[in-house]
Amino acid sequence: MRKQKASDKHTARMQRGQTTLEPIEITTQILSSRSFTKNQWKHKKIELRANGVDTNKNIVTGGRGRARKRLKLYNSLEGYHSKFLGWISEEYRMEEAEVITRLETSLTDPFSLEKSGHALFDIHPERRGNLFNDEVYRLQKAADATTTFYTDGNRDNPSPLPTNHKFSRNDVIVLTLQPTGTGDFLSATSLPTNPDAVLLEARVLNVGPTYLDVAVTSGQYTRVFGPASNNVGEEGRGDPKLRVRVDRFFSDVPFSRMVAALGQLTAVPENKKADDKRIGGFQMDNLLKELILSTFTKEDGELIEGYDDSSLGDLPKKLAKPPLPNSVQLTNQVMAYIQTNPQQIFPTYNEPQLTAIRASLTRRMTMIQGPPGTGKTTTAGSIAFGFVHQCRNISPYCKVLATAFSNVGADNLAEKFLSLGLKVVRVGKPSGISESLWAHTLDAAIQKDPFAQKALEEAAKASAKARKSADEDKRKNKGSLSAERAKRDLATDAVKASIQACNIAATKALREADVIVCTSIGAADPQLLAACGIYAEEQDDSKKKDLHNTSESQFGVVREWAPDNLPPLSLPFVIVDEACQSVEPASLIPIVSTNSCRSLVMLGDPCQLPPTVRSDSSATGTSPLSISLMARLSSIPELHPVTVTAQKDKTPIETKFIECKPTRQAVSSVMGRGSNSVSYRKQYSGSVLLTMQFRMHPSIAAFSSAIFYDGLLGSPLTLSNQRQFPSRLYSHYPAPNKSSSVRFVNIGGRSNEQRGELGETGELIATMSTADPSNSSYRNEEEAIEVLELLKTLLNQGEKDSFKGSIGIVTPYSSQVALIKDMIAKDKDIREMVQAFPHEIEVKSVDAYQGRERDVIIFSAVRSNRRGRIGFLSDWRRMNVALTRAKNGLVVIGDADTLKDGDKHWSAFVNWCDSMGCFVEDAGVEESV
């Protein structure tokens, strides 16, 4: 036993060492192959044979079979870790290779790189103030730039950016110095991959027609490039001829945090009696670890080693138990308050929503599937409200953690929690957070703290002084090494003191919060982890003190005290929204990063957007990494929460669109003989289903409900009157069925799509651009023309039946997005209409519309997915997103014949529209040669 304890400790030490990532700086090392083998789970895998002999020919017998069980456990941990590490490493390599290829191509074809929207050359930066503790710089084309994109010929104004540029808010970019100024983007040292290049990482804050506003860590710009030309500080004004190139880049932070989460989940358990308490708070419930690991399968469909069969035993019953002894009592109080509270705070919930809320508050793990418009965010708000009530009855150091896949999703959660009167802290970079929530960020709290601000100012002065002194000594060729080292040490100490002061200010803000909101990746934010007593190596200056009160995790050193010398926070209740959009290792981060999760709630819909996986080469888009953790767990029937099945809702439902003959025929064509489709509830039976949607007119929801949700998605009868089809649309597209809010416009003409990016003068850049070999985007000008005509119809205010709602234009391909935006910008009539009566008009891809809604949605299909080809239209989940964003009116524009020849879901939709009397024949165009 003593030897085994030593072996387990040795294995744990080896694993911790192997999953610690090397620090990465923004240099050329980012763009070079890195060693992924250093992140492997290092315990020696031993395979047992049936006769009790291992691979080393040692006989494994005796006792209670502890050795066999221990080896199976090690092998199961290693199997899960190595599989997912390999998959996410491949993702990282592909992203890295894509960026490297793009950058290296710019030396031979720089102008096409700029025209395709991935880079900007001859950019002049100017200082534009501060955003909390970051500096803001405006990047514009210099007046003497080699390439400009004027559309009106007026060169007195700043040049517009390329129409189809790919820069958007919160993007990671790299600024690289053009050594000799304007036009110097062909030299080797102007390339970010060059070891001698002078570069700086930044994040996009705002995007305007002629500029990018970017946020840079305070002091970094001056350290790298010197002061800006319009600077008014002590450093003086910089060189007005300084020029930089701007490249779209990527961050390795998500990869690093996913690797750490994998290591934390698969860490060798300590061989001691389990304790619900860790240093400073709760310890993660091992049932959650067991659930994730025991349900993971190999590629051949067999469970990983360590589990005899697919039976989960009594695990589902254990997960159905309350996370805390008084959870049921506290939940009853919350449910009574929610149901009796005036509607000013809580809405009137239906039975499925109430069932989901109660289950989440009384179980250790709950999955809630919410089809479009069913109120997932509203439900999540009440769940957080109930968790906060439990936290307040446990300890002032317990908080609720709520995460989402995207910043938009996290912002929606934060706004919902604030509307319920909860105190919220939004963790993350301000560049990715809605401006309305900036006052609730950690940066805002740090800015308000006088001690943190003083420490930051002293660190900035010390760093500037050390830098200035080093430059003077270098020019004068004097100065001793010991003196330089002393100055650097002073600056380093000042920086460390500022980090500690900021951590203290952040911890104080987090202590005052009820709910901490961030993205899934942001759940491993260093300041959040420090408040939970987990310090990264560079933050922990007291490693030699109180060693008996410390331990280690994959995210850092766990100490007994938080930065403010009080007990650290615990996050026993975790809510993960948009769970089906995130790859599994990313979903692990909020669950395992603080090692204190006791109750987990995941919300999402596996019938909407799946995780985006570059390395997925399968024809169906179902590689193991493209299946989210929630989708994987909800497909296990044994996890079906029988005890929380919702009572039948009494809300009157509109059924005529779902139960009519065309809808039944559409279901038969998709689910008929020879189909390998599996019904929705059979495929995802291990979850609670929200069954009532409040977004769409019943006719819009009917097709998706019947095809994707087995007809379980109902629409209240009252929506038929509340969601009226705009009369403008009916006058433009009259159809036999006046009660339907759907139109399919048959544009006609096969193969009108073109492949490639749109140039500045309207020309089509090469089909497979040398600047972007991955470009396979399509555009369809005939459909774009139809979109503009429809847009003019809606915007025209000359008649009585004027339209005043929001408009969303959705299309699968980025080239079509760029084309429509370009045509709208150049159309004088539309510009005048918008100025006379502003409308909310948004043109985005399908992926960007997940979780959003508009009064009218115009969908441009662009092309069909021919049988046997892989493309957007083969993904029924994205089709579901595209068809469920509209509230009052949905118009689909495409060629009926080519869509019928493609995916069976689209063929069924076209036939359904025809049978429903909402099919419109357009004059169309001649078929392309």
Side-chain angles (χ1 to χ4, degrees), residues 273-289 318-338 356-366 380-403 413-414 417-418 420-425 427 506-518 523 528-534 549 551 553 558-576 590-602:
K273 185 178 180 180
D275 188 1
D276 282 346
K277 296 286 184 179
R278 68 170 177 87
I279 296 176
F282 288 98
Q283 185 180 24
M284 178 179 175
D285 194 332
N286 284 328
L287 288 176
L288 298 176
K289 290 185 178 182
K318 292 180 179 179
L319 291 171
K321 293 182 178 180
L324 301 172
N326 59 345
S327 291
V328 175
Q329 177 185 355
L330 297 174
T331 298
N332 290 335
Q333 297 173 3
V334 170
M335 297 303 296
Y337 181 78
I338 289 176
I357 295 170
R358 177 176 291 276
S360 301
L361 298 178
T362 56
R363 291 168 53 89
R364 301 188 184 189
M365 197 278 292
T366 307
S382 294
I383 293 172
F385 186 88
F387 280 154
V388 168
H389 182 57
Q390 295 192 37
C391 285
R392 290 173 178 172
N393 283 270
I394 299 170
S395 165
Y397 306 129
C398 288
K399 307 296 176 183
V400 179
L401 175 64
T403 71
L413 286 176
F417 300 156
L418 288 169
L420 297 178
L422 301 177
K423 296 179 180 179
V424 175
V425 170
V427 177
T507 301
K508 290 179 179 179
L510 292 170
R511 288 192 187 281
E512 296 175 358
D514 294 319
V515 188
I516 300 168
V517 182
C518 59
L528 173 58
L529 293 184
C532 296
I534 302 173
N549 288 331
S551 60
S553 77
V558 182
R559 300 192 59 80
E560 186 177 4
W561 307 104
D564 57 357
N565 290 323
L566 292 174
L569 301 180
S570 287
L571 309 178
F573 303 104
V574 176
I575 301 172
V576 181
I591 301 173
V592 305
S593 60
T594 63
N595 196 30
S596 57
C597 179
R598 304 292 296 178
S599 180
L600 172 65
V601 177
M602 291 190 288

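Treat the numbers as computed from the prediction; the structure is a model and nothing was measured. For the numbers below, each heavy atom of this structure counts, side chains included, while hydrogens, waters and symmetry mates do not.
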Worksheet item: Do you know which of Asp285, Leu287, Asn286 makes side chain to side chain contact (heavy atoms under 4.5 Å, CB included) with Lys289?
Response: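 It is Asn286, the one option of Asp285, Leu287, Asn286 that forms the side chain to side chain contact (heavy atoms under 4.5 Å, CB included) with Lys289.
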
If only atom types and distance count, is the side chain of [X] paired as donor or acceptor with the main-chain N or O of [Y] below 3.5 Å?
X: Arg598; Y: Gln283; answer: yes
X: Thr331; Y: Arg358; answer: no
X: Thr594; Y: Leu529; answer: no
X: Gln390; Y: Leu361; answer: yes
X: Ser570; Y: Pro572; answer: no

Which heavy atom of [X] sits nearest a heavy atom of [Y], and at what distance?
X: Ile383; Y: Ile357; result: CG1-CA, 4.0 Å
X: Leu401; Y: Cys518; result: CD1-SG, 3.9 Å
X: Leu510; Y: Lys399; result: O-CE, 3.6 Å
X: Arg364; Y: Pro322; result: NE-O, 3.5 Å
X: His389; Y: Gln333; result: NE2-OE1, 2.8 Å
X: Arg363; Y: Pro323; result: O-CD, 3.8 Å

Atom pair [atom1]/[atom2] of [X] and [Y] - distance to nearest 0.5 Å:
X: Ile534; Y: Leu569; atom1: CD1; atom2: CG; result: 11.0 Å
X: Ile516; Y: Cys532; atom1: CD1; atom2: SG; result: 6.5 Å
X: Leu324; Y: Thr362; atom1: CG; atom2: OG1; result: 11.5 Å
X: Thr403; Y: Leu571; atom1: OG1; atom2: CG; result: 11.0 Å
X: Ser327; Y: Ile394; atom1: OG; atom2: CD1; result: 7.0 Å
X: Asp514; Y: Cys398; atom1: CG; atom2: SG; result: 12.5 Å

Fill in: Check: Val400 and Phe417 side chains under 4.5 Å, non-hydrogen atoms
no

Item to complete: Could you walk me through whether Val574 and Cys597 pass side-chain contact (heavy atoms from CB on, under 4.5 Å), step by step?
Response: CA-CA 6 Å; Val574 176; Cys597 179; 3.7 Å; yes

Discussion item. If you apply the rule side-chain contact (heavy atoms from CB on, under 4.5 Å), what do you find for Leu330 with Val334, and how did you get there?
Written reply: CA-CA 6 Å; Leu330 297 174; Val334 170; 5.7 Å; no

